[in-house]
Amino acid sequence: MKQIHLNDMYIGTNYHPHDWPETRWEQDLRLMKEAGFNVVRLGHLCWDSFEPEDSVYDFAWMDRVMDLCHDLGIGVFLDIPTRPAPVWLHKKYPSIDIVNPSGVRQNALTRYMEDVGDPDFQRYALRLAKKNGLKISRPSCPFVIWAL
């Protein structure tokens, strides 16, 4: 694994591969590399892609993206996506929903519409963070930095 040097310039972008067909990922990453990017931020906004149902996990797609990053020499800043919470979690624990001053629950389909202080939200977010850390490990990537 490549060492990170504070004097190096890291140029990159956010990338949300879970929003695109897998057939497009390599093309997107190649374009980033050709543009001079040497790092990409992954994992943001994809809790529902990692855990589409309660206790049903899928990290294999991220492994494939990270393998592509490795092949192209692109480093990774990897988020642990604790927001937004998946819709199934809002349905299971309505207490995590944001409530406006009039007492009306806000639409859970909007980004960042969960009460991060809710104990049920915190318990599930920590569970995902632990699973994520154990399942995604790519020592072959140029470097991986975890972002919380």
Side-chain angles (χ1 to χ4, degrees), residues 1-93 95-98 106-148:
M1 184 179 295
K2 178 182 175 181
Q3 251 190 326
I4 296 173
H5 300 282
L6 295 178
N7 294 328
D8 287 351
M9 176 76 71
Y10 296 100
I11 300 170
T13 189
N14 280 342
Y15 184 50
H16 302 272
H18 57 285
D19 289 337
W20 299 100
E22 187 168 348
T23 55
R24 182 182 168 131
W25 298 349
E26 184 173 358
Q27 173 190 356
D28 288 346
L29 290 165
R30 283 190 187 284
L31 289 170
M32 290 177 210
K33 186 69 174 180
E34 289 169 12
F37 293 179
N38 54 6
V39 66
V40 66
R41 179 184 179 205
L42 298 172
H44 186 59
L45 305 174
C46 63
W47 183 345
D48 58 348
S49 295
F50 283 140
E51 190 179 9
E53 299 174 47
D54 189 359
S55 300
V56 176
Y57 298 97
D58 179 8
F59 298 105
W61 65 271
M62 182 60 81
D63 287 340
R64 293 190 299 275
V65 173
M66 292 183 73
D67 286 343
L68 288 170
C69 289
H70 167 258
D71 293 346
L72 293 168
I74 298 174
V76 174
F77 287 91
L78 189 60
D79 276 355
I80 296 176
T82 56
R83 297 185 77 196
V87 173
W88 63 259
L89 188 58
H90 284 272
K91 289 179 179 177
K92 186 170 185 170
Y93 296 102
S95 63
I96 73 169
D97 293 350
I98 298 283
Q106 302 300 294
N107 186 348
L109 296 177
T110 306
R111 238 182 233 174
Y112 306 120
M113 296 307 290
E114 54 273 331
D115 176 0
V116 297
D118 180 84
D120 292 317
F121 173 84
Q122 292 177 350
R123 188 174 74 253
Y124 275 79
L126 179 59
R127 183 180 79 171
L128 176 69
K130 287 178 178 178
K131 288 276 187 188
N132 205 344
L134 293 172
K135 294 292 185 182
I136 298 175
S137 176
R138 306 315 281 177
S140 60
C141 247
F143 62 84
V144 176
I145 296 174
W146 287 92
L148 303 173

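Quick note: numbers below take in every heavy atom, side chains included, and nothing from hydrogens, waters or symmetry partners.
Residue Trp61 holds its CH2 atom at 10.5 Å from CD of Glu22, rounded to the nearest 0.5 Å. Expressed to the nearest 0.5 Å, how far CG of Leu89 lies from CZ of Arg123 amounts to 9.0 Å. One distance of note links OG1 of Thr82 with CG of Leu45; it measures 10.0 Å at 0.5 Å rounding. Distance check: Leu29 CG to Met66 CE gives 11.5 Å after rounding to the nearest 0.5 Å. Going from atom CH2 of Trp47 over to atom CD1 of Ile80 covers 11.5 Å, rounded to the nearest 0.5 Å. Between the CG atom of Asp79 and the CG atom of Asn14 there is a distance of 7.5 Å, given to the nearest 0.5 Å.
In this structure, the side chain of Trp88 engages the main chain of Glu51 through a donor-acceptor pair within 3.5 Å. In this structure a side-chain-to-backbone donor-acceptor pair under 3.5 Å is present from Trp25 to Pro17. Although no hydrogens or angles enter the test, the distance criterion places no donor-acceptor pair under 3.5 Å between the side chain of Asn132 and the main chain of Phe59. With hydrogens and angles ignored, the 3.5 Å screen pairs no side-chain donor or acceptor of His44 with any backbone N or O of His16.
The aromatic ring centroids of Tyr57 and Phe50 lie 6.0 Å or more from each other. Between Tyr10 and Phe77, a ring centre-to-centre spacing not shorter than 6.0 Å is recorded.
When side chains are defined from C-beta on, Ile96 counts as touching His90, because their heavy atoms get closer than 4.5 Å. Taking 4.5 Å as the limit, some side-chain heavy atom of Cys69 sits within range of a side-chain heavy atom of Leu42. Looking at heavy atoms from C-beta onward, Ile11 lies out of side-chain contact with Val39 at the 4.5 angstrom threshold. Proximity of Leu78 to Met62: side-chain heavy atoms (C-beta onward) are separated by under 4.5 Å at one or more points. Side-chain contact check for Phe37 versus Thr13: some heavy-atom pair is nearer than 4.5 Å.
Side-chain polar atoms of Tyr93 and Asp118 form no donor-acceptor pair below 3.5 angstrom.
Of all the heavy atoms in Ala85 and Glu114, the pair that sits closest is N-OE1, 3.1 Å. Closest of all the heavy-atom pairs between Asp115 and Asp97 is CB-O, 4.5 Å. Nearest heavy atoms, Cys46 versus Pro81: N-CB, 3.8 Å.
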Worked verdict on Asn38 versus Ile74 for side chain to side chain contact (heavy atoms under 4.5 Å, CB included): CA-CA 5 Å; Asn38 54 6; Ile74 298 174; over 6 Å; no

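Residues that satisfy the salt bridge (Lys or Arg N to Asp or Glu O under 4.0 Å) test with Lys91, not counting sequence neighbours, are absent from this structure. Under the salt bridge (Lys or Arg N to Asp or Glu O under 4.0 Å) criterion, Asp54 pairs with Lys92, Arg127, not counting sequence neighbours. Taking Arg30 as the reference, Glu26 meet the salt bridge (Lys or Arg N to Asp or Glu O under 4.0 Å) condition, with sequence neighbours excluded.
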